[in-house]
**Q** 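Below is a structure I'd like to ask you about.
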Amino acid sequence: CGTTFTADVRFYAVDECSNYDTTSATFSITDTQGPVPRDDDFAQVVTASCDAVPAHEPLAVRDACSLEEAVLNGTRSRTGVRCPHGYELHDSWVTEDECGNVATILQTIHVVDEGKPQVLVQPNDLAIECDENADVLIQEWLDRHGNATATDNCDGDADLVWSHNFDEVREQMAFGCGPSSNATVTFTVTDLCGNEEHAHAQLVVTDTQAPFITVLPAASTFQCDIDTDAANMEAYVSNRGGATASDFCFASNELIWTHE
């Protein structure tokens with residue numbers, strides 16, 4: 001089969017006077033190995049990025065004892081899913097040479113997603129007044145992740161997940177006045193395999209509006225008698241005559257009252 005053969009070889013031993021002796025032997029070429037990939041650089045294990053996964057292609061094979069090459073159609077299976085873009089592909093080709101030697105050629109492709117999303121548009125800063133609309137405006141800004149946009153080499157834009165650390169930095173902000181009303185908010189975009197990228201924006205909340213009286217102080221009349229009404233007048237002033245006030249940035253018990 002193939003280029004295998006068996007040959008009888010006769011050997012002669014001759015001296016200078018033409019005397020000789022002879023012997024014979026049988027010489028055989030056998031084939032016990034199956035075909036192998038034609039390309040010497042064929043790799044059994046390959047690592048590929050999720051955006052450059054090689055297609056399953058027919059495989060050209062050659063055999064040491066055959067003059068002809070063959071092209072095989074194989075099969076592909078998928079296992080070991082770690083995330084939508086992290087898995088293994090197993091390619092297999094089965095071939096048989098003219099001498100009946102069967103070979104199974106295997107290739108494993110490790111598909112990985114190691115690329116972080118790319119932020120295309122950085123988030124906008126937000127500067128607002130601390131009024132009745134502040135919480136709504138901040139939440140809308142957070143939900144839009146500051147109008148930032150991102151893309152990924154393997155995931156569609158709709159598959160990217162945005163998050164932020166506003167709950168952590170909120171405590172740093174004294175809504176109303178001073179430099180602590182500034183905070184750096186970090187927006188994080190994550191792909192389906194957990195790769196992250198970060199972007200930052202400034203949130204500035206200012207308070208330029210005065211508190212507003214919600215309950216007016218009650219009128220009260222006192223006798224001009226320091227012995228009997230001094231304590232009552234002091235209590236009236238300390239209690240602000242029953243007046244109350246509110247503010248968009250501070251709780252009522254944080255407001256400071258004065259009088260003239």
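We number each residue from 1, following the sequence as shown.
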**Q** Rounded to the nearest 0.5 Å, what's the gap from CG on N133 to CD1 on I138? Could you check?
**A** 11.0 Å
**Q** Where does the angle between the aromatic ring planes of W162 and H145 fall among parallel (under 30°), tilted (30 to 60°) and perpendicular (over 60°)?
**A** parallel
**Q** Would you kindly say whether the two SG atoms, from C193 and from C50, are closer than 2.5 Å?
**A**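 With an SG-SG separation of 2.5 Å or more, C193 and C50 do not form a disulfide.
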**Q** Please report the closest heavy-atom contact between N73 and W93, naming both atoms and the distance.
**A** C-CD1, 3.9 Å
**Q** Mind checking salt bridge (Lys or Arg N to Asp or Glu O under 4.0 Å) for D143 and listing every partner two or more places apart, or none if nothing turns up?
**A**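 Once residues adjacent in sequence are excluded, D143 has no partner under the salt bridge (Lys or Arg N to Asp or Glu O under 4.0 Å) criterion.
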**Q** I want to check something: taking the side chain as every heavy atom from C-beta on, are V81 and T79 in contact at a cut-off of under 4.5 Å?
**A**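 When only atoms from C-beta onward are counted, T79 and V81 do not touch, as no gap falls below 4.5 Å.
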**Q** Looking at every heavy atom in both N195 and K116, which two are closest together, and how far apart are they?
**A**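 N195 and K116 have their closest heavy atoms at CB-CA, 3.9 Å.
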**Q** Which pairs would a plain distance check flag for residues 146-154, meaning a side-chain donor or acceptor within less than 3.5 Å of a matching protein atom at least two apart in sequence or in another chain?
**A**
from, atom 1, to, atom 2, distance (Å)
N147, OD1, R144, NE, 3.0
T149, OG1, V121, N, 3.4
T151, OG1, D157, OD1, 3.2
D152, OD2, C154, N, 3.0
D152, OD2, D155, N, 2.9
N153, ND2, D51, OD2, 3.4

**Q** Taking the side chain as everything from C-beta on, heavy atoms only, tell me whether H90 gets closer than 4.5 Å to T75.
**A**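 Sidechains of T75 and H90: no contact.
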**Q** Might you point out which heavy atoms bring R82 and Y87 nearest each other, and give the distance in Å?
**A** NH2-N, 3.4 Å
**Q** Ring centroid separation for W141 and F166, is it under 6.0 angstrom?
**A**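 Not under 6.0 Å, so no.
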**Q** Would a 4.5 Å heavy-atom cut-off, applied to side chains only, mark H164 and T188 as touching?
**A**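 They are not in side-chain contact.
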**Q** Measure the shortest side-chain to side-chain distance between N101 and D31 over non-hydrogen atoms and say whether it is less than 4.5 angstrom.
**A** yes
**Q** Test side-chain hydrogen bond (donor to acceptor under 3.5 Å, both in side chains) on H198 and T186; report intermediate values, then the result.
**A** CA-CA 7 Å; H198 308 283; T186 299; over 6 Å; no
**Q** Among the clusters formed by ILVMFWY side chains lying less than 4.5 Å apart, do V46 and V53 turn up in the same one?
**A** yes
**Q** Taking it one step at a time, do D97 and R62 satisfy salt bridge (charged side-chain N to carboxylate O under 4.0 Å, His left out)?
**A** CA-CA 9 Å; D97 66 14; R62 57 182 172 80; over 6 Å; no
**Q** So, do I105 and V61 sit near enough that their side-chain heavy atoms are less than 4.5 Å apart?
**A**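 Heavy-atom side-chain distance check passes, below 4.5 Å.
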**Q** Treating D191 as the side-chain partner and G194 as the backbone partner, does any N or O pair qualify as donor plus acceptor under 3.5 Å?
**A**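 Here the side-chain-to-backbone pair exists.
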**Q** Closest approach of V189 and L160, non-hydrogen atoms and distance?
**A**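 Smallest interatomic distance, heavy atoms only, reads CG2-CB, 3.8 Å.
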**Q** I would like to know whether L72 and V94 meet side chain to side chain contact (heavy atoms under 4.5 Å, CB included); could you show each step before the answer?
**A** CA-CA 8 Å; L72 310 175; V94 179; over 6 Å; no
**Q** Is a donor on one side and an acceptor on the other found under 3.5 Å between the side chain of D63 and the backbone of V36?
**A** no
**Q** Would you find a donor on one side and an acceptor on the other, under 3.5 Å apart, between the side chain of E88 and the backbone of V111?
**A** no
**Q** Say whether F187 and I128 are linked into one hydrophobic cluster, either directly or through other cluster members, by side-chain heavy-atom distances under 4.5 angstrom.
**A**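 Yes.
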**Q** Do T184 and Q202 have side-chain atoms, one donor and one acceptor, less than 3.5 Å apart?
**A**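 There is such a pair (donor and acceptor under 3.5 Å, judged by atom type) between the side chains of T184 and Q202.
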**Q** CG/L126 to CG/L137 distance, rounded to the nearest 0.5 angstrom?
**A**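 Here the interatomic distance stands at 7.0 Å.
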**Q** Under 3.5 Å, side chain of T244 to main-chain N/O of T214, donor-acceptor pair present?
**A**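 Looks like no, no N/O pair under 3.5 Å.
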**Q** Should we say atom CD of Q33 is surrounded by more than 12 heavy atoms from elsewhere, each under 6.0 Å from it?
**A**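 It does not: Q33 CD has 12 such atoms or fewer within range.
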**Q** State, to 0.1 Å, how close P117 and E197 come at their nearest heavy-atom pair, and which atoms those are.
**A**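 Closest approach of P117 to E197, heavy atoms only: O-CB, 3.3 Å.
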**Q** Is V102 close to T95 at the side-chain level, that is, under 4.5 Å between some pair of heavy atoms?
**A** no
**Q** Looking at residues at least two apart in the chain, or sitting in another chain, which of them share a salt bridge (Lys or Arg N to Asp or Glu O under 4.0 Å) with R38?
**A**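 Partners of R38 by the salt bridge (Lys or Arg N to Asp or Glu O under 4.0 Å) criterion, ordered by chain and then number, come out as E69.
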**Q** Do L142 and V119 belong together in a cluster built from hydrophobic side chains that touch within less than 4.5 Å?
**A**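 As far as the 4.5 Å side-chain criterion goes, V119 and L142 are connected within one cluster.
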**Q** Atom CD of Q118 and atom CG of L120: how far apart are they, to the nearest 0.5 Å?
**A**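 Q118 CD to L120 CG: 5.5 Å, rounded to 0.5 Å.
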**Q** If the threshold is 4.0 Å, N to carboxylate O, is there a salt bridge linking R170 and D135?
**A** yes
**Q** Would you call L59 and F42 a side-chain contact if the rule is heavy atoms closer than 4.5 Å?
**A** yes
**Q** With a 4.5 Å heavy-atom cut-off, do T23 and D21 have their side chains touching?
**A**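 They are not in contact (no side-chain heavy atoms under 4.5 Å apart), so the answer is no.
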**Q** Would you say the side-chain atoms of D15 pair up with the backbone N or O of S18, donor to acceptor, closer than 3.5 Å?
**A**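 Yes, because the side chain of D15 sits within donor-acceptor range (under 3.5 Å) of the backbone of S18.
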**Q** Do T26 and D8 have side-chain atoms, one donor and one acceptor, less than 3.5 Å apart?
**A**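 Short answer, yes.
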**Q** So, T47 and H110: side-chain donor and acceptor under 3.5 Å apart, yes or no?
**A** no
**Q** Between atom NE2 of H85 and atom CD of E114, what is the distance when rounded to the nearest 0.5 Å?
**A**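 Between atom NE2 of H85 and atom CD of E114 there are 14.0 Å.
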**Q** Keeping the roles fixed (side chain from D125, backbone from A201), state whether a donor-acceptor pair exists under 3.5 Å.
**A**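 No, D125 side chain to A201 backbone: no donor-acceptor pair under 3.5 Å.
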